[in-house]
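Data block below; observations after.
Because only heavy atoms are used, hydrogens play no part in the values below, and waters and symmetry mates are left out as well, while side chains stay in. Model, not experiment: these values are computed from the prediction. Proteins get letters first, then strands, A, B, ... in listed order; numbering begins at 1 in each.
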2 protein chains.
Amino acid sequence: MDKDKIDKKDHILDVAEKVFSDLGFDGASTRTISGEAGVNMAMLNYYFGSKEGLFLAIFERKIASFQTLLQNIGNDETITSWDKLSKCIDNYVDRIIVNNCFQKLINRELTMSKRWELTDKITQILMVNVIEIKKILDEGVKNKTFAKNIDAELVIATIFGTKNYIINTPHVSSLILGHDIRDEKYLEEELKPRVKIYMKRLLQAYLMKDNDNSK
Amino acid sequence: MDKDKIDKKDHILDVAEKVFSDLGFDGASTRTISGEAGVNMAMLNYYFGSKEGLFLAIFERKIASFQTLLQNIGNDETITSWDKLSKCIDNYVDRIIVNNCFQKLINRELTMSKRWELTDKITQILMVNVIEIKKILDEGVKNKTFAKNIDAELVIATIFGTKNYIINTPHVSSLILGHDIRDEKYLEEELKPRVKIYMKRLLQAYLMKDNDNSK
DNA sequence: CAAACTCAATCAATCGTTTGATTAATTTTG
DNA sequence: CAAAATTAATCAAACGATTGATTGAGTTTG
């Protein structure tokens, strides 16, 4: 049946995503992945051509859902620049914490000096979001919602960096926060709203204050 | 000669640090490392026992320099909490951008679910800095330098996360900033001061403003 | 000379991939 | 309809290549 085939491929991709994110591309053997997924080793090549093909397929599957999310917020003329940024933060915190282990994959791949093609593709995808936020920040400066001398590029680094730090280094951030951040209940009910509130207060304080240059 | 021996070991460690940070632990073969370092493959095992021993030796070498840096800032009674935090930021930005590729190593290792012993050791080392900053923040709240309702834990995530984001994802941050951040001149003369100024303004705005809870 | 060092050659183990056979379901044919 | 042919899916086994590690013979050094 066609449905079963798709389900099986999807199951392999689910397992592979987890194993790759735990062990890295080189650390995860095809035997481990196929074993974990409960399928014969040869099926990986049968379905995805190669180990790298499997790796790429994981990304292909996720890309679509990444593209469209922030798309229309920037063009909404009815809300202020601050509200747009606020919406972006909400979306981003929600989305990223769901795609937990995929985020780890993306981030590790970006730190590698291998597989340039994939690195470039990921970079391109992430830049869509970066540009979207940059646009909102610039617009906010122009219409004086935000202070004129903000450092927009580094604000972007803070937005993405803060979230990445929490998610990608769970050992450290769990110690800092005093909870296991891999506990889904804590994540959903406490951490997510807390990060949202914090990010908004942090950025509001910075963006909407006059940072005079006379030190 | 004893000097030559140490120099050679250090040279191997330098090369290995670079190769590991580019290719990951599993992606970097002992042949690649020894070839890059211009030494016989067997030397790696002769000096460091094993591939993992070599990997650990890279960390051992760096640990000492990491420990002592922030140590005494927190205990200085003559400066304000804000100045302490300010000093921490300076130290941190300076140090971390120098140890560029070692940071990538640390960060990738923290995202892995392998080599628990090393992960725990790294976590422990990083926590020294975390606790130091936490202490400063708490003290600042107590003596009313900082607002009473700040989110100290997430401030820490912002400090480390912002810097990590810039350094660990050079492809993306180079695009954002419009310069190749691996260009040492740009890094030293432009980016470093810029990050310092930005971080201080960002944190000052947040920490020294009343974040009322009514919305 | 003895200890420390260096090397090419080699080891077993594991890697990603391919193979050829087998099964089961579908389509074509007489 | 029933037999034959075709197809996709699955498997155990094996492939060559590469891995980290070791060997034992040679060289250098103090």
Would you say the rings of A:F160 and A:Y92 are close, in the sense that their centroids are separated by under 6.0 Å?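 Here the rings of A:F160 and A:Y92 have centres that are less than 6.0 Å from each other.
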- Please confirm whether B:F59 and B:F102 have ring centers closer than 6.0 angstrom. yes
Item checked: Residue-phosphate contact under 4.0 Å: B:S50 side-chain N/O, D:dG20 OP1/OP2 -> no
Could you tell me whether the side chain of B:S174 and the main chain of B:I181 form a donor-acceptor pair under 3.5 Å?
-> yes
Could you give the [atom1]-to-[atom2] distance, from [X] to [N], as a whole number of Å?
| X | N | atom1 | atom2 | answer |
| --- | --- | --- | --- | --- |
| A:L44 | D:dA9 | CG | P | 14 Å |
| A:K51 | C:dT18 | NZ | P | 14 Å |
| A:F20 | C:dG16 | CZ | C1' | 11 Å |
| B:D26 | C:dC15 | CG | P | 10 Å |
| B:N45 | D:dG24 | CG | P | 16 Å |
| A:E52 | C:dC15 | CD | C1' | 15 Å |

In this structure, are over 12 heavy atoms from other groups packed under 6.0 Å from B:Q204 atom CD?
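Buried by this count: over 12 neighbours within 6.0 Å.
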Around atom NZ of B:K142, are there more than 12 heavy atoms of other residues, nucleotides or ligands at under 6.0 Å? no
Please verify the inter-ring angle class for B:F20 with B:F55; under 30° counts as parallel, over 60° as perpendicular, anything in between as tilted.
perpendicular
Scoring nucleotides 6-14 of chain C by protein non-hydrogen atoms under 4.0 Å (B base, S sugar-phosphate only, - none) yields BBB-B----
